[in-house]
Amino acid sequence: MTTLADPVPGGRLGDVERAAALGGELSAGGVHGVVLAYVDTAGVGRVKTVPVSALPSAAAWGVGMSPVFDTFLADDRIVATDVLGSPDGDLRLFPDLDRLVALAGQPGWAWAPVDRVTQDGERHPGCSRTFLRRVVADAAREHGLAFRAAVEIEWSVGLDSAPAGEFVPAATGPAYGATRQVELSDYTADLMAACAAQGVDVDQIHPEYAPGQFEISVGALDPVAAADRSVLVRQTIRAVAGRHGLRVSFSPAVGAQGVGNGGHVHLSAWRDGVNLHTGGDRRHGMTPDAEGFVAGVLSRLPALTAVTAPSPASYLRLRPSQWAGVFTAWGLETRECALRLVRGTAGLRAQQANLEVKPVDLAANPYLALGVLIAAGLDGLASGAVLPEETTGDPAGLDARTADARGVRRLPVSLAGAVAEFRADEVLRAALGPVLADAVSAVRQGEIDAVEGLDDERVAAAYRWKY
């Protein structure tokens, strides 16, 4: 579970005492410091760290950090909106003690996600974790819905000894090949052990398509916890790799050509403990609410990509016929469609049926990505949206008339195109609120300006080690 109540100055009831007890347990286990983690608008993980002895104070009063990071770019340049980007002001980082965990991949350290609160004790309107928590709470209150989510993590494993800035795959062999699994067997075994020690249930871990690429799939949780888990697992992947003399990249594209790293989102809506994506009378067992939810996401995919594919490097990955899902199409177990319905195995469908959203990568802030996907789906559910005809096979092969009849069109081919769609989408902007929506636009525009005039190779190099 994830704490759903907002932090308050002085700590919520029992937080300080609990932090003291947890700190004692961590110290007894050899932990010396706590990583306080969040993800900025650009998708970069940012941290403050404190000694374990300071955990009770952090739970009571937070830890200071400037709000300027809301408008940092991936290269640490700063853009601005009318309320963000100034060197003035301060925020407080409050750790979520429910998600505190000792880091098996970083002995001596623990980790906790944070919510960011103003000096006056109010929600910080630029805090993406607070945003997602609010979306989840509103869905429960207004629609009686809960959600389960998981983020697939693909990453490229390179040699740490490679020339500075270059990516040299640490393993060879074909996609999904046994050769690659054997070559990095010690690393991936240690990674699984670290995940288990941290309470992360791993469904699968295997070589993926691109050179040196792997994927890990983890169990579904409530959306806030799922976003937390995505950040924690990436921290663990990187830490364990370093102990093996390896370097990892979660960038959407480590090179200008070939298949990139995705961060596909799996999402299901539930009411009163029942999965709405199965057992219904709509196509493939969906209930009317599930179909409306999926239709809502489908209708807003072009604007959603400004959040789910937020880097200039994202558009090196989003290419047809590479299983990236670059058309506004949906289908049952169709891996070239942007939205893939996953029915699950017979006998387990009540637990497994879900929606997979494919045009998502790990440059995306997972709290923002899950929040806007849920907001889009809820808008479709509330309006009774209906899905068009489904697509089988590769949407790139559809003739123009069929594609038009099904509403199948190419997603934006550049970040600039995605930003234009996002700026015109009132539903997504309203869900985010004016401060976060303007931060998304400003940071994306800053990234666009940062790569102006660069060819694909230089764009890939610019973001290779940022995520």
Side-chain angles (χ1 to χ4, degrees), residues 101 104-105 147-157 171 175-178 180-181 184-185 187-210 212-241 248-252 259-268 270 275 277-278 308 317 322-325 332-345 347-364 366-367 369-370 373 467:
V101 62
F147 295 91
R148 292 180 61 79
V151 181
E152 293 181 8
I153 296 174
E154 294 177 351
W155 75 102
S156 299
V157 187
Y176 295 85
R180 196 184 306 173
Q181 189 275 328
L184 290 182
S185 177
Y187 164 52
T188 51
D190 284 352
L191 176 57
M192 285 190 288
C195 286
Q198 294 169 180
V200 176
D201 51 315
V202 174
D203 293 337
Q204 298 180 44
I205 181 170
H206 55 81
E208 253 288 349
Y209 195 93
Q213 187 182 52
F214 278 76
E215 178 186 308
I216 189 168
S217 300
V218 298
L221 298 169
D222 74 80
V224 180
D228 293 339
R229 176 173 277 187
S230 174
V231 179
L232 172 63
V233 171
R234 279 180 267 175
Q235 176 110 2
T236 306
I237 289 169
R238 179 171 279 121
V240 175
V248 302
S249 174
F250 301 103
S251 176
V259 175
N261 293 317
H264 305 165
V265 167
H266 290 262
L267 187 60
S268 55
W270 298 65
N275 187 348
H277 296 265
T278 190
T308 65
R317 171 183 171 265
Q322 293 189 358
W323 290 13
L332 176 66
E333 302 292 6
T334 305
R335 286 175 167 81
E336 278 293 353
C337 287
L339 299 186
R340 170 186 171 230
L341 294 188
V342 181
R343 292 182 71 190
T345 303
L348 294 176
R349 285 173 181 161
Q351 294 79 41
Q352 293 182 343
N354 69 86
L355 170 68
E356 181 183 19
V357 185
K358 297 185 72 68
V360 187
D361 61 55
L362 299 175
Y367 304 97
L370 283 167
L373 287 170
Y467 310 108

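In what follows, every heavy atom counts, from backbone to side chain, and hydrogens, waters and symmetry copies are set aside.
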Intermediate values then yes/no, side-chain contact (heavy atoms from CB on, under 4.5 Å), Val357 and Leu339: CA-CA 5 Å; Val357 185; Leu339 299 186; 3.9 Å; yes
Heavy-atom closest contact (Gly105 atom, Val240 atom, distance): CA-CG2, 4.0 Å
Side-chain donor/acceptor of Arg234 to backbone N/O of Ser230, under 3.5 Å: yes
Gap between atom CD of Gln351 and atom OG1 of Thr345 - 0.5 Å precision: 10.5 Å
Separation between CG of Leu267 and CD of Glu356, rounded to the nearest 0.5 Å: 11.5 Å
Nearest-0.5 Å distance, CG of residue Leu332 to SG of residue Cys337: 10.0 Å
Heavy-atom closest pair, residues His264 and Arg317: NE2-NH2, 3.2 Å
Rounded distance (nearest 0.5 Å) linking atom CD1 of Ile216 with atom CD of Glu154: 12.0 Å
Heavy-atom closest contact (Leu362 atom, Gly263 atom, distance): CD2-CA, 3.7 Å
Spacing of Asp361 atom CG and Ile153 atom CD1 [to the nearest 0.5 Å]: 12.5 Å
Trp270, CH2: over 12 other non-hydrogen atoms inside 6.0 angstrom: yes
From Asp201 atom CG to Leu221 atom CG, the distance as rounded to the nearest 0.5 Å: 7.0 Å
Minimum heavy-atom distance between Val202 and Cys195, given as atom pair plus value: CG2-CB, 3.8 Å
Heavy-atom donor-acceptor pair, Arg349 side chain to Gly344 backbone, under 3.5 Å: yes
Residue pair Pro223 / Leu370: nearest heavy atoms and the distance that separates them: O-CD1, 3.5 Å
Nearest heavy atoms of Arg180 and Tyr209, plus distance in Å: NH2-O, 3.9 Å
Distance-only polar pair, side chains of Glu152 and His266, donor-acceptor under 3.5 Å: yes
Aromatic plane relationship, Phe250 with Trp155 - under 30° parallel, 30 to 60° tilted, over 60° perpendicular: tilted
Trp323 vs Val259, side-chain contact (heavy atoms from CB on, under 4.5 Å): CA-CA, chis, key distance, verdict: CA-CA 8 Å; Trp323 290 13; Val259 175; over 6 Å; no
Intermediate values then yes/no, side-chain contact (heavy atoms from CB on, under 4.5 Å), Val248 and Phe214: CA-CA 10 Å; Val248 302; Phe214 278 76; over 6 Å; no
Sidechain-backbone polar pair: Thr308 side chain, Ala369 backbone, donor-acceptor under 3.5 Å: no
side-chain contact (heavy atoms from CB on, under 4.5 Å) assessment of Phe147 paired with Val224: CA-CA 10 Å; Phe147 295 91; Val224 180; over 6 Å; no
Step-by-step side-chain hydrogen bond (donor to acceptor under 3.5 Å, both in side chains) determination, Asn261 to Ser249: CA-CA 9 Å; Asn261 293 317; Ser249 174; 4.8 Å; no
Given Glu208, Gln181, Glu215, the one that forms side chain to side chain donor-acceptor pair (under 3.5 Å) with Tyr176: Glu208
